[in-house]
Every structure is written in C-alpha cells, then in structure tokens.
Engineer: 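Pasting a structure here, questions to come.
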Amino acid sequence: MTGRPLRLAAALLLAALVAGCGTAEPGPRAWHGGRIFLATGNTTGVYYQLGGGYADLISRHLPGYEARAEPTGASVENINRLAGGDMEIAFSLADTAADAVNGRGVFDGQPQPVRALARVYRNYTHVIVRTGGKIDRFAQLRGKRVSTGSPKSGTDIIAGRLLAAAGIDPDRDIQRANLSLPETVKRMRAGTLDAMFFSGGLPTPGIKDLLAGAPGMFQLLPLTDLVQPLAARYGSVYTTATLPKEAYGTPAATPTITVSNVILVAADMPDQLAYDLTRVLFAHQDELIRVHPEAANFTRDSAAGTDPIPLHPGAARYYRTG
C-alpha cells in the first residue's frame, strides 16, 4: 500500500487509537485526518494554478487542515476520484458535473454523490489548427490528426460533442488522439498533429506558450455556429462568448463556446467544513486573483447558481448567512 491509501490508513489508525484512549469522538476537523486533496487538471492549465492557490489558502486560513493540489486528467477523473474518496475537492466543467449528478453520458446509470461549493469562472473552448494546413472551418477537421484532450477530461467530452454537432464522428472521421495539454502542445509544435481542442480559462498557460512561441504558425477556429445544436441536445449549459485577441496576442478576437466551472465536494462532507471551505474562497479571493486573473471572474451571487448541480448544504448556508 502506497501513496494516498497509506496516508488515509494512517489517519484512520491514529483516530482509532485516540478513540481507544477514552477521548471524545473526533469532530468535523478530524475528517480525513485533516488532510485535503484537490483534484485539478493538467499542469499547464488554469485548474492546476487555481487549485494550488486554493490549497494554499486552505492551509493558511483554515486551522486544523492542510491542503494540497494534485494534477489530474481533469473533470471526469476528478469526479470519479472525489466520489471514490481519493480526493476531497474537485474542479470540473459544469456540463460534466451535470452528467455526473444525473447519471448521464460517461456516468450513464450511475449518478455520482457530489455537491457544489461554487460556480466559478467560465472555460473558453479553444480549437487550434496549423496555419496553412487547409483548415479554415470546423468541418475541415474531417480526416485530420486531432487531439481531443486528456482521457476522462471535460475537454474530451466537449470535443466529442462539438464534432458530433458538426456531423463528424469523433472516433471514425478524425485521427483522434487523447493527449494531455503538455503532450498536445509538444506534438503541435512538432507537426504531428493538425489540430487540438482545449477548454480552459484565459489565458491558459500551455496555450499561451504554444501561440507565443510560434507567432503566425497557429490559428483559433470560430465555433459559435455549433452552439444551437449543442443547446438543443444538452440545454443551456453551453453559451457563446468572444475570446479576446488580448488573451494570446492573436490578430483578431475569436467567437467561441463557453461553459462554467464548478468546485465540487463529496455529498457526505461535514456541513461545517463545506461552509468553511466556501468562506475561505471568498474571504481571501483577492489572494487567489494574484495566482490567476480568472479568480476575479465570479462573485458570491454568481457562485451560488450551480443548478443543476445541487449546492452542498454547508455552502448553501454560507451564501444565505455569510
């Protein structure tokens, strides 16, 4: 037994020894031994940056707890690990989280016991192609070498839905590669991929490195023509926005599709801990903004709007009472 299971087993053993000495039953602050693990995403993405910042806030401002951000394959993996007890907090795209609580999509028939602490910033869908590669429209991805993101990531789900909405079978009509953002960027630079998908905040460090490191070699595709078929099938979770040219120094702004992010916890998290985690997020939001500017793009009012993902009762109490 190694890694997280060993740490958890040690924490449980310590709790049992304390209980055997006749002391009071452990309160909420002994939950999982006071250790909090945050499931984030690829190391060059915004989830990982903000997750690290949030973990630092928890460790410094929530007595009795120590938090650490863990890199992952993002949304689907995060939810699975959260529901399985391997993580205490998880970042996820709202569409993936909605599938999880309703037992749809990759969670078909298996609703996951997760709840939301907050709806935070929006992810922008980036579809990047090689300039001069004869891909000027989304439909021209057919037959091309395309990375749709890490396996079990929100990016992979959105990519598949966008391709299907355009009449492209993601498993038959493209040469699909499921790659992390760092590996995707590496292969785009090497010319072994024609196009890539990524859903992230602005700016996403890995995307910024790719575009800044090879000016004029890559371009972003507009996507807003696909929002209507997406909304018809999946509801209002998808919206449109303009990816500003200032984000990556591109020649022009790019119309694209967005989806909100949510911070999730297990349904059985103690109410007081969920309340405290939500309080820390907003009481020290200014510190999180210094980690990444996307932390400025949500408020207490907007964060409470997590429907169809239920708020954790502890988080709901925070939004009611402060």
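Count residues from 1 along the sequence.
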Engineer: Could you please spell out the steps behind the side-chain hydrogen bond (donor to acceptor under 3.5 Å, both in side chains) verdict for Asn80 and Glu77?
Structural biologist: CA-CA 5 Å; Asn80 285 333; Glu77 178 185 337; over 6 Å; no

Engineer: Give a yes or no on whether Leu50 and Ile36 share a hydrophobic cluster (residues Ile, Leu, Val, Met, Phe, Trp, Tyr; joining criterion: side-chain heavy atoms under 4.5 Å apart).
Structural biologist: yes

Engineer: If you look at every heavy atom in Asp95 and Ile158, which pair is closest and at what distance?
Structural biologist: OD2-CG1, 3.4 Å

Engineer: Got a second to check how far His126's NE2 is from Leu211's CG, nearest 0.5 Å?
Structural biologist: 8.0 Å

Engineer: Name all pairs fulfilling the side chain to side chain donor-acceptor pair (under 3.5 Å) condition that reach into residues 300-315, sequence neighbours left out, sorted by first residue then second.
Structural biologist: Thr299-Ser302

Engineer: Taking C-beta and beyond as the side chain, do Asp194 and Leu141 meet within less than 4.5 Å on heavy atoms?
Structural biologist: no

Engineer: With side-chain hydrogen bond (donor to acceptor under 3.5 Å, both in side chains) as the test, would you mind laying out the steps for Asn42 and Ser150 before giving the verdict?
Structural biologist: CA-CA 8 Å; Asn42 294 168; Ser150 298; 3.3 Å; yes

Engineer: Fit a plane to each ring of His61 and His284, take the angle between them on a 0 to 90° scale, and name the class: parallel (under 30°), tilted (30 to 60°) or perpendicular (over 60°).
Structural biologist: parallel

Engineer: Applying side-chain contact (heavy atoms from CB on, under 4.5 Å), run through Thr125 and Leu162 and close with a yes or a no.
Structural biologist: CA-CA 10 Å; Thr125 306; Leu162 284 169; 3.8 Å; yes

Engineer: Where do Val120 and Val262 land on the side-chain contact (heavy atoms from CB on, under 4.5 Å) test, with the steps shown first?
Structural biologist: CA-CA 6 Å; Val120 287; Val262 287; over 6 Å; no

Engineer: Might you work through the side-chain contact (heavy atoms from CB on, under 4.5 Å) test for Thr96 and Phe107, ending with a clear yes or no?
Structural biologist: CA-CA 9 Å; Thr96 308; Phe107 305 100; 4.0 Å; yes

Engineer: Give a yes-or-no answer on whether the side chains of Asn78 and Thr72 include a donor-acceptor pair shorter than 3.5 Å.
Structural biologist: yes

Engineer: Output all residues satisfying side-chain hydrogen bond (donor to acceptor under 3.5 Å, both in side chains) with Tyr124, sequence neighbours left out; order by chain, then residue number.
Structural biologist: Arg122

Engineer: Same cluster or not: are Val237 and Leu163 linked, directly or through other Ile, Leu, Val, Met, Phe, Trp or Tyr residues, by side-chain heavy atoms under 4.5 angstrom apart?
Structural biologist: yes

Engineer: Treating Arg115 as the side-chain partner and Ala266 as the backbone partner, does any N or O pair qualify as donor plus acceptor under 3.5 Å?
Structural biologist: no

Engineer: Report yes or no: does Tyr275 contribute a side-chain atom to a donor-acceptor pair with the main-chain N or O of Gly322 at less than 3.5 Å?
Structural biologist: yes

Engineer: Tell me whether Tyr238 shares a hydrophobic cluster with Val76, the cluster being built from Ile, Leu, Val, Met, Phe, Trp, Tyr side chains joined at under 4.5 Å.
Structural biologist: no

Engineer: How far apart are the closest heavy atoms of Ala67 and Ala55, and which atoms are they?
Structural biologist: CB-O, 3.5 Å

Engineer: Nearest 0.5 Å, please: how far is CG in Leu221 from CG in Leu226?
Structural biologist: 10.0 Å

Engineer: Does Ile257 share a hydrophobic cluster with Leu202, counting links as ILVMFWY side-chain heavy atoms below 4.5 Å and allowing steps through other members?
Structural biologist: no

Engineer: Does the side chain of Glu70 come within less than 4.5 Å of Met87's, by heavy atoms?
Structural biologist: yes

Engineer: State, yes or no, whether a side-chain contact exists between Ile89 and Leu82 at a heavy-atom distance under 4.5 Å.
Structural biologist: no

Engineer: Closest approach of Ile79 and Ala97, non-hydrogen atoms and distance?
Structural biologist: CD1-CA, 3.8 Å

Engineer: What class does the angle between the rings of Phe282 and Phe298 fall in, given that below 30° is parallel, 30 to 60° is tilted and above 60° is perpendicular?
Structural biologist: perpendicular

Engineer: Okay, side chain of Tyr54, backbone of Leu277: is any donor-acceptor separation there less than 3.5 Å?
Structural biologist: yes

Engineer: side-chain hydrogen bond (donor to acceptor under 3.5 Å, both in side chains) between Thr44 and Asp209: does it pass, once the steps are laid out?
Structural biologist: CA-CA 9 Å; Thr44 56; Asp209 289 346; over 6 Å; no

Engineer: Can you tell whether the side chains of Arg176 and Asp171 come within less than 4.0 Å, N to carboxylate O?
Structural biologist: yes

Engineer: What heavy-atom pair brings Ala69 and Thr40 nearest, and what distance separates the two atoms?
Structural biologist: CB-CG2, 3.9 Å

Engineer: Atom CG of Leu38 and atom OH of Tyr47: how far apart are they, to the nearest 0.5 Å?
Structural biologist: 13.0 Å

Engineer: For the pair Ser75 (side chain) and Leu93 (backbone), establish whether a donor and an acceptor sit closer than 3.5 Å, ignoring hydrogens and angles.
Structural biologist: yes

Engineer: Looking at Thr242 and Pro244, would you say the former's side chain and the latter's main chain have a donor-acceptor pair under 3.5 Å?
Structural biologist: no

Engineer: Verify, without hydrogens or angle tests, whether Gln140 (side chain) and Arg137 (backbone) share a donor-acceptor contact under 3.5 angstrom.
Structural biologist: yes

Engineer: Drop me the distance from Ile128's CD1 to Thr250's OG1, to the nearest 0.5 angstrom.
Structural biologist: 10.0 Å

Engineer: Out of curiosity, Lys144 NZ to Lys134 NZ, how far, rounded to the nearest 0.5 Å?
Structural biologist: 8.5 Å

Engineer: For Tyr234, does the six-membered ring have the charged nitrogen or CZ of Arg161 within the cation-pi criterion, i.e. under 6.0 angstrom from the centroid and within 45° of the normal?
Structural biologist: yes

Engineer: Is any side-chain heavy atom of Pro205 closer than 4.5 Å to one of Gln49?
Structural biologist: yes

Engineer: Can you give me the closest heavy-atom contact between Thr155 and Ser199, atom names plus distance?
Structural biologist: OG1-N, 3.0 Å

Engineer: In this structure, are over 12 heavy atoms from other groups packed under 6.0 Å from Arg233 atom CZ?
Structural biologist: no

Engineer: Taking all heavy atoms of Ser260 and all of Arg119, pick out the closest pair and write down the distance.
Structural biologist: OG-NH1, 3.5 Å

Engineer: Are side-chain heavy atoms of Leu193 and Val146 found at a separation under 4.5 Å?
Structural biologist: no

Engineer: Counting only N and O atoms by type, is there a donor-acceptor contact under 3.5 Å from the side chain of Asp156 to the main-chain atoms of Pro151?
Structural biologist: no

Engineer: Taking the side chain as every heavy atom from C-beta outward, state whether Leu57 and Leu288 have any atom pair closer than 4.5 Å.
Structural biologist: yes

Engineer: Are more than 12 heavy atoms, taken from residues, nucleotides or ligands other than Lys152, located less than 6.0 Å from that residue's NZ atom?
Structural biologist: no

Engineer: Any side-chain to backbone donor/acceptor pair from Glu88 onto Val265? Under 3.5 Å, distance only.
Structural biologist: no

Engineer: Sub-3.5 Å donor-acceptor pair from the side chain of Arg130 to the main-chain atoms of Met188, do we have one?
Structural biologist: yes

Engineer: Examine distances only and state if a side-chain atom of Asn261 and a backbone atom of Tyr121 form a donor-acceptor pair shorter than 3.5 Å.
Structural biologist: yes

Engineer: Tell me whether Arg142 is salt-bridged to Asp173, with the criterion being a basic N under 4.0 Å from an acidic carboxylate O.
Structural biologist: yes

Engineer: Side chains of Leu273 and Tyr65, heavy atoms from C-beta outward: is any pair under 4.5 Å?
Structural biologist: yes

Engineer: Is there a path of hydrophobic side-chain contacts, each under 4.5 Å between heavy atoms of I, L, V, M, F, W or Y residues, that connects Phe197 with Leu220?
Structural biologist: no

Engineer: Less than 4.5 Å apart, side chain to side chain, heavy atoms only: is that true for Ile207 and Leu181?
Structural biologist: yes

Engineer: Show your working on side-chain contact (heavy atoms from CB on, under 4.5 Å) between Gln219 and Asp136 and close with a plain yes or no.
Structural biologist: CA-CA 9 Å; Gln219 64 184 27; Asp136 298 309; 3.5 Å; yes

Engineer: Between Thr184, Asn178, Thr192, which is the residue that forms a side chain to side chain donor-acceptor pair (under 3.5 Å) with Ser147?
Structural biologist: Thr184

Engineer: Could you please spell out the steps behind the side-chain hydrogen bond (donor to acceptor under 3.5 Å, both in side chains) verdict for Thr239 and Thr258?
Structural biologist: CA-CA 5 Å; Thr239 56; Thr258 63; 2.6 Å; yes

Engineer: Rounded to the nearest 0.5 Å, how far does CG of Asp56 lie from CD of Glu287?
Structural biologist: 7.5 Å

